[in-house]
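Just so we're on the same page: letters track the sequence lines, and every chain starts at 1. All values below come from the heavy atoms of this structure, side chains included, with hydrogens, waters and symmetry mates left out.
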Amino acid sequence: MSETKEFDKIKSLMSVDNLIFGIGQVSELLGVSTRQLRYWEQQGYIESLESPKGSSRQFNLKNLIKIFHIKHFQNEGYTLQAAVKKGQKIEKQFPILKDFLRNRVEDIIPTEDGGKVDFGFLDDDKTKHIYGVVDKDGYHFKIVKEK
DNA sequence: CTTCTCACA
DNA sequence: TGTGAGCA
């Protein structure tokens with residue numbers, strides 16, 4: 001087997017799409033009854049990977065996260081429909097947040113009582129360095145003037 | 001022991 | 001918005 005083929009195999013093994021959970025696992029993991037999961041799927045809120053007809057349902061990570069969110073918002077007191085909508089909103093926000101973090105966060109520096117997030121410079125002259133600070137008092141931004 | 005579907009509230 | 005029964 002060629003090296004690229006080997007690499008593809010490893011990549012495929014590590015791919016989140018290949019993290020599959022059985023309905024029982026999901027139920028135990030997230031505290032949602034197997035019956036609920038089938039019901040939610042029947043209502044079209046989630047979907048399972050059902051290649052072999054009539055065989056047991058399997059869920060990928062995407063749907064595991066969906067289920068997690070629905071359960072979460074139901075616990076907060078939302079109806080099933082509202083919980084699904086809340087989950088969809090989070091799922092739309094998440095890639096944007098990820099993109100922001102990937103492109104704007106330069107570094108994360110742990111400290112004794114928390115840490116600080118380096119957001120880089122505010123200006124092109126690179127004189128105002130902005131940090132997001134997490135410490136025992138909470139969260140705040142700090143602008144450090146360089147030279 | 002698990003998951004499935006169907007009937008029922 | 002789900003559950004219990006009863007089958008495979």
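Contacts with DNA chain C (heavy atom under 4.0 Å) in residues 58-72 of chain A: none are found.
Ser27(A) contributes a side-chain N or O that, together with a main-chain N or O of Val32(A), makes up a donor-acceptor pair within less than 3.5 Å. The backbone N or O of Ile67(A) lies less than 3.5 Å from no partner atom in the side chain of Asn63(A), so there is not a single donor-acceptor pair. For the pair Lys71(A) (side chain) and Gly31(A) (backbone), a donor-acceptor distance under 3.5 Å is present. At least one donor-acceptor pair under 3.5 Å links the side chain of Gln36(A) to the backbone N or O of Ser33(A).
The side-chain contact (heavy atoms from CB on, under 4.5 Å) test applied to Asn103(A) returns Asp99(A), not counting sequence neighbours.
By the neighbour-count criterion of 12 heavy atoms within 6.0 Å, atom CD of Glu47(A) is sparsely surrounded, having that number or fewer from other residues, nucleotides or ligands. Remark: Gln93(A) CD is packed, more than 12 non-hydrogen atoms of other residues, nucleotides or ligands lying under 6.0 Å away. Counted within 6.0 Å of CD on Glu106(A), heavy atoms from surrounding residues, nucleotides or ligands total more than 12; the atom is thus considered enclosed.
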| message | Could you go through Arg57(A) and Glu41(A), starting from their C-alpha distance and side-chain angles, then the distance that decides it, and tell me whether this counts as salt bridge (charged side-chain N to carboxylate O under 4.0 Å, His left out)? | response | CA-CA 10 Å; Arg57(A) 286 169 174 75; Glu41(A) 181 179 18; 2.5 Å; yes
| remark: Its contact letters, B for base, S for sugar-phosphate only and - for none at protein heavy atoms under 4.0 Å, make nucleotides 2-8 of chain C read BBB----
Nucleotide N/O of nucleotides 1-3 of chain B paired with protein N/O under 3.5 Å:
residue: dT3(B); atom: OP1; partner: Gly24(A); partner atom: N; Å: 3.2

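Paired regions of DNA chain C, where each region holds three or more successive Watson-Crick or G-U pairs whose two hydrogen-bonding distances fall under 3.5 Å, are B:4-9 with C:1-6.
Closest approach of Gly24(A) to Thr34(A), counting heavy atoms only: CA-CG2, 4.4 Å.
The aromatic rings of Phe100(A) and Phe119(A) lie tilted to each other, with the angle between the two planes from 30° to 60°.
Counting only residues at least two apart or on different chains, no salt bridge (Lys or Arg N to Asp or Glu O under 4.0 Å) pair has a member in residues 87-98 of chain A.
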